[in-house]
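Okay, handing you the structure first.
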2 protein chains.
Amino acid sequence: MPTHYSGTRAEMRTLDTFIKLTRCTNSLFARLSEQNTLGDLTPSQFAVLEALYHLGSMTQGEVSTKVLKSGSNMTTVIDNLERDGFVRRERDAKDRRVIYVHLTGAGKKKLEAILPGHIAALVEEFSILSASEMEMLGNLCKKLGKGKIK
Amino acid sequence: MPTHYSGTRAEMRTLDTFIKLTRCTNSLFARLSEQNTLGDLTPSQFAVLEALYHLGSMTQGEVSTKVLKSGSNMTTVIDNLERDGFVRRERDAKDRRVIYVHLTGAGKKKLEAILPGHIAALVEEFSILSASEMEMLGNLCKKLGKGKIK
DNA sequence: GTCAAATAGTTTGATGTAGAAATATTATCG
DNA sequence: CGATAATATTTCTACATCAAACTATTTGAC
């Protein structure tokens with residue numbers, strides 16, 4: 001892929017890899033979004049419901065951490081999910097600063113309706129890679145994602 | 001990484017790879033953003049200026065394509081860049097539907113002030129991978145990003 | 001016990017994002 | 001030539017996103 005930048009060999013290599021990584025995830029997510037595998041949920045809403053489904057009820061702060069988003073927008077996302085009846089807020093009686101978020105029956109039902117199709121779409125997309133290629137990609141991503149320990 | 005999902009082996013493998021890829025790019029971008037290598041530009045603004053810098057003046061639609069964003073928000077991004085004096089709009093005399101976007105002197109200066117640090121940060125982040133690992137990652141991303149030809 | 005610091009969540013303001021409908025302009029078909 | 005289709009951009013609406021300032025509550029140091 002062209003980078004149109006004249007730098008050292010290491011710089012060229014890095015930019016090239018960075019661009020490929022970025023384009024890969026961008027177009028992968030674009031294709032998934034086209035297939036509309038999340039029903040009418042936004043990606044954030046889906047991520048929150050999925051976290052609650054697999055990991056159980058959590059405080060709002062824990063949800064933020066799991067979903068890797070800042071606390072300030074978690075409020076909005078959960079506001080909207082609550083409005084649609086998919087989650088329920090409950091203030092902790094012991095520590096009244098804390099708010100627990102629970103999946104409602106409707107939320108569970110919603111997610112169970114969506115999840116199989118979503119997974120099928122992922123499997124389909126990744127089927128272009130062999131098992132060992134996926135493993136290789138996973139390991140490289142893990143290494144790069146972890147970053148340097150300083 | 002735990003997926004908490006009981007599926008077939010292929011499903012598990014896919015989800016595991018998908019999660020690693022997602023986390024990798026998320027935390028990579030988070031670390032880059034922490035280092036503030038884009039000055040006070042937003043990622044979108046930076047991407048637009050960079051495209052204009054490396055590829056020259058373009059129509060607004062071409063910028064959208066290069067930056068992989070929808071046309072409707074390109075208007076806003078370029079509005080803000082124009083407000084800050086980094087780009088200039090110019091309506092095509094021949095086809096008056098078209099708007100050309102040019103980098104101004106201030107925009108060029110801004111980008112040239114930012115680019116070296118940005119590249120250095122990238123090189124530093126990717127230096128955890130060897131040259132051959134980067135190549136491998138790049139190839140896998142290219143393959144996955146391209147998707148199946150249908 | 002009281003006051004300061006820490007913690008959980010909300011609000012606000014600026015920006016980005018996508019999709020759909022609207023507008024303006026140009027191209028094309030009959 | 002004129003109606004219609006295609007193209008480029010904008011507007012509108014809803015949501016997401018972050019940072020910073022704010023409220024409420026709890027904890028800890030003295």
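Residue numbers begin at 1 in each chain, while the letters A, B, ... track the order of the sequences.
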Value in whole Å for how far the P atom of D:dA19 lies from CG of B:L38: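 In whole Å, D:dA19 P lies 13 Å from B:L38 CG.
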Kindly point out which of C:dT10, C:dT15, D:dC15 is positioned nearest to the side chain of A:Q60?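 Nearest to the side-chain atoms of A:Q60, counting from C-beta on, is C:dT10.
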Quiz item: A:T75 side-chain donor-acceptor pair to C:dG9 base, under 3.5 Å: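 For A:T75, whose side chain was compared with the base of C:dG9, there is no donor-acceptor pair (under 3.5 Å).
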On DNA chain D, does the nearest nucleotide to A:V77 precede the nearest nucleotide to A:A93 from the 5' side, or the other way round? Give the residue.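 Checking each residue's closest nucleotide, the 5'-ward one belongs to A:V77.
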Give the rounded distance in Å between these two atoms: CG of B:L41 and P of C:dA14.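 Atom CG in B:L41 sits about 18 Å away from atom P in C:dA14.
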Please report, rounded to the nearest Å, how far the P atom of D:dA16 is from the CE atom of A:M74.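 A:M74 atom CE is separated from D:dA16 atom P by 9 Å.
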To the nearest 0.5 Å, what is the distance between CE (A:M136) and OG1 (B:T17)?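 Interatomic distance, A:M136 CE to B:T17 OG1, rounded to 0.5 Å: 11.5 Å.
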Name the residue closer to the 5' end of DNA chain D, choosing between A:D95 and A:Q45 according to the nucleotide with the nearest heavy atom.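 Counting from the 5' end, the first nearest nucleotide belongs to A:Q45.
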Mind checking if A:S72 touches a base, just sugar-phosphate, or nothing, with heavy atoms under 4.0 Å?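 The answer is base, as A:S72 lies within the cut-off (heavy atoms under 4.0 Å) of a base atom.
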Minimum-distance nucleotide to B:T76 side chain [options: C:dT17, C:dA18, C:dA8]: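 Of the candidates, C:dT17 comes closest.
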How many angstroms lie between atom CG of A:L21 and atom CG of B:L28, to the nearest 0.5 angstrom?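 So the CG of A:L21 and the CG of B:L28 are separated by 6.5 Å.
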When rounded to the nearest 0.5 angstrom, what is the spacing between SG in B:C141 and CE in B:M134?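 The SG atom of B:C141 sits 12.5 Å away from the CE atom of B:M134.
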Which comes earlier along DNA chain C counting from the 5' end, the contact point of A:D79 or that of A:S33, where each point is its nearest nucleotide?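 Checking each residue's closest nucleotide, the 5'-ward one belongs to A:D79.
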Specify the separation, in whole Å, of atom CZ of B:R91 and atom C1' of D:dA8.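 To the nearest whole Å, that distance equals 9 Å.
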Nucleotide C:dA18, atom P - distance to CG of A:L32 in whole Å: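 My rounded result for the distance is 15 Å.
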Figure out the NZ/P separation between B:K94 and D:dA8, and round it to whole Å.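 Rounded to whole Å, this separation is 16 Å.
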Please check the phosphate of C:dG16 (OP1 and OP2 only) for any side-chain N or O of B:S44 closer than 4.0 Å.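 Answer is no, no contact under 4.0 Å.
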Within the structure shown, what part of the strands sits under 4.0 Å from A:N73 by heavy-atom distance: base, sugar-phosphate, or nothing?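 Base, at least one base heavy atom under 4.0 Å.
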Assess the side chains of B:T42 and B:S44: does a donor N or O sit below 3.5 Å from an acceptor N or O?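 No, B:S44 and B:T42 have no side-chain donor paired with an acceptor closer than 3.5 Å.
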Do B:R97 and D:dT7 have a side chain to base donor-acceptor pair shorter than 3.5 Å?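 For B:R97, whose side chain was compared with the base of D:dT7, there is a donor-acceptor pair (under 3.5 Å).
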Atom CG of A:N80 and atom P of D:dT13: how far apart are they, to the nearest Å?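 The distance from CG of A:N80 to P of D:dT13 comes to 17 Å, rounded to the nearest Å.
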What nucleic acid atoms does A:T59 come within less than 4.0 Å of, heavy atoms only: base, sugar-phosphate, or nothing?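 The answer is sugar-phosphate, as A:T59 gets under 4.0 Å only of primed atoms, P, OP1 or OP2.
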With respect to the phosphate group of C:dT10, does any side-chain polar atom (N or O) of A:R89 fall under 4.0 Å of OP1 or OP2?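 It does, given that an N or O in the side chain of A:R89 lies less than 4.0 Å from OP1 or OP2 of C:dT10.
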Classify B:G71 by what it touches in the nucleic acid, base, sugar-phosphate, or nothing, heavy-atom distance under 4.0 Å.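 If one applies the 4.0 Å heavy-atom cut-off, B:G71 turns out to touch a base.
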Taking the inter-plane angle between the rings of A:F18 and B:F126 on a 0 to 90° scale, is it parallel (under 30°), tilted (30 to 60°) or perpendicular (over 60°)?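 Perpendicular: the ring planes of A:F18 and B:F126 meet at over 60°.
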Answer yes or no: does a side-chain N or O of B:R83 lie under 4.0 Å from OP1 or OP2 of C:dT15?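 Yes, B:R83 has a side-chain N/O under 4.0 Å of OP1/OP2 on C:dT15.
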Say you draw a straight line from CG of B:L32 to NE2 of B:H118; how long is it, rounded to the nearest 0.5 Å?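 If I round to the nearest 0.5 Å, the distance is 6.5 Å.
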Rounded to the Å, how far apart are B:F46 CZ and C:dT15 P?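 About 19 Å, once rounded to whole Å.
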